[in-house]
Amino acid sequence: MIPFSNRFHGHSSLNYVYKNGQAVRNRSVTIKYVANKHRDKSRIAVVISKKTLKSAVRRNLIRRRIYEYVRLKIPDLKAVYDIAIIVTSSDFINLSHTEMSQQIDQLFFSARIIPKNKSIKTTPKES
RNA sequence: GCAGCUUAUUAGAUGAUCGCCCCAUGCUUAUUAAGAAAGUGUGGAGAGGAAAGUCCGGGCAGCAUAGAGCAAGACAGUCGCUAACAGCGACCGGGGGCAACCCUAGGGAAAGUGCCACAGAAACAAAACUACCCUUCAUAGCUUUGUGCGAAAGGAGGGAAAAGGUGAAACGAGUGGGGUAAAAGCCCACAGCAUGUUAUGGUGACAUGGCGUGAAGGUAAACCCUGUCCGCUGCAAGGAGAUCUGCAUUAAGAGUAGCUCGCUCGCAGGUCGAUAUCCGCUUGAUAUGGUAGGCAACUACUAGACUAGAUAGAUGAUCAUCCACGACAGAACCCGGCUUAUCGAUAAACUGCCAAC
RNA sequence: GGAGGAGUACCCAAGUGGCUGAAGGGGAUGGUUUGCUAAAUCAUUAGUCUGGGGAGACCUGGAGCGGGAGUUCGAAUCUCCCCUCCUCCG
């Protein structure tokens, strides 16, 4: 999980991201993001609908894996962002760790939240 | 050894690195003290047998310290257990299995009402219809020619409820004998059923036997009757600000239930501040061990223990090794059950068959 | 987390124990009408799964009212347990 200060608190702050954020998406994940100049720390949420995956255990598992990977990316962000990662396909549960990290890296780069070459350098360091 | 049956336990393990929530405690922001917040260090602890479905029951909270009557609803063998229950235990009756054992919404149909389609003579009150039997009328005919006898079909009167291609079910006591014009528990013997009473055993449901009486279709997960229980809403319950104006003080109105009573309460609006935070929130019908009681469910006493409390919601990620290659699945106020989902592994008791001693 | 409701043919739906071969409407298919279409009008329609027969057109048996049990002679309907979908709450 990510620290308490990097989470969203309350419903309305997430609604702001949904309404005003920019979106990048691929087949199974959508990322909405918006820059926030009032805060010192970025906030990140992972959203999985009960309709996409019925089992609570599997939803938790996806959420934890994404949170864990994104937690390591927080220091690399260019600025302070509010980010919502919305999972829209139940196939996401079957991805291996490398497949998952590739998809998220790709989306983060195309959103221009993190610089490309740094993201390539950091991943071997972490592992 | 094979096949089966019941119960209980368990629910991947170990290590490395990086992280999360809560609690305790130290330091810093910050040199009087106290409190709050943020950061940071150390230590402790961190999902289930079903956490699920929300199907029952209870605690707790608000409405009266939850009160009365009706309505509505739930339950249904007996005795016990329990805070309570539609639960559990033991037993009784019924059904299944060679057996261990399993299943069982199991009060009342002689209080009343309804329903029993189609088919069938008839669907529950008894009768009618067909067939059966007797008497009689009348006729063909026979004839000893006498107001003699008299078949079948037919008309009339009567008998009995034994027979009736249907149907889930047919008047609801079977078999054999007697009996009769023909029949029938009409009578007899044997066997069975219901009910009353009585004896024995059992707390009881009930079981076994004696005596008397009797002939009653099914359906109550149809209405209903009998007995027992039951107020409603649910932690999104509920609690925690400041201030001003108007109306009212009996009455009116409002509040919790479908209605009646009863009970309680002043009501309406504006402004500021919020749409959040804190409390409720985990020590409890608590689990574990021991002793005693009980066939058991369970209860009493005792010892030490504290074992999630989040709020976009904490147990994870990555890697390595091992094996049986890991099923179903994530607490949200808390308990007791039920039901449903579930890869396997282990242990114990018991039953049947086969073999050996 | 808690409370309530619904599920019948491709779609909308009626049906509260028995002749349901599942009413009715839309849709689909084929006629009539028109120079052609639309509209109107008439007729047909278990159309899903499965067993058997047939070269095929088609004929025929069974199941089937979200799924599974039970009560009953008989269940879309009554009872119980699941599944799916929808709505509400400070």
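Only this structure's heavy atoms are used, side chains among them; waters, hydrogens and symmetry mates stay out. Below, read A as the first sequence line, B as the second, and so on, with proteins coming before strands; counting in each chain starts at 1.
- The 5' end of RNA chain B is approached more closely, in terms of each residue's nearest nucleotide, by Ala45(A) than by the other of Ala45(A) and Ser55(A).
- At U84(C), one or more side-chain N or O atoms of Lys54(A) fall inside 4.0 Å of OP1 or OP2 (strictly under the cut-off).
- Closest to the side chain of Leu72(A), out of G313(B), C18(B), A317(B), is C18(B).
- Along RNA chain B, the nucleotide nearest to Thr98(A) and the one nearest to Arg71(A) differ in position, and the one closer to the 5' end is contacted by Arg71(A).
- A gap of 38 Å separates the P atoms of C224(B) and A52(B), to the nearest Å.
- U14(B) and A38(B): their P atoms are spaced 36 Å apart (whole Å).
- Checked options Leu61(A), Ile62(A), Val87(A); the residue passing with Leu53(A) is Ile62(A) (criterion: side-chain contact (heavy atoms from CB on, under 4.5 Å)).
- The C1' atoms of G27(C) and U44(C) are separated by 14 Å, rounded to the nearest whole Å.
- A syn base is found at U307(B): its glycosidic angle is within 90° of 0.
- Scanning atom types as modelled, no donor and acceptor separated by under 3.5 angstrom connect the side chain of Arg65(A) and the base of G19(B).
- Note: CZ (Phe8(A)) to C1' (C20(B)) measures 18 Å, nearest angstrom.
- Put simply, Arg7(A) has no side-chain N or O that comes within less than 4.0 Å of OP1 or OP2 on C20(B).
- No donor-acceptor contact under 3.5 Å links the side chain of Glu68(A) to the base of G19(B).
- The hydrophobic cluster containing Tyr18(A) also includes Val47(A), Ile86(A), under a criterion of side-chain heavy atoms closer than 4.5 Å among ILVMFWY residues, counted directly or through chains of members.
- The same atom, C1', is picked in C85(B) and in G95(B); the two are 28 Å apart, to the nearest Å.
- A donor-acceptor distance shorter than 3.5 angstrom exists from the side chain of Ser42(A) to the backbone of Tyr81(A), with no hydrogens or angles considered.
- Following rounding to the nearest Å, Arg64(A) (CZ) and G46(B) (P) show an atom-to-atom distance of 16 Å.
- Taking Arg43(A) as the reference, Asp82(A) meet the salt bridge (Lys or Arg N to Asp or Glu O under 4.0 Å) condition, with sequence neighbours excluded.
- With Ile104(A) as the fixed residue, the side-chain contact (heavy atoms from CB on, under 4.5 Å) test singles out one of Ile66(A), Asn26(A), Val29(A): Ile66(A).
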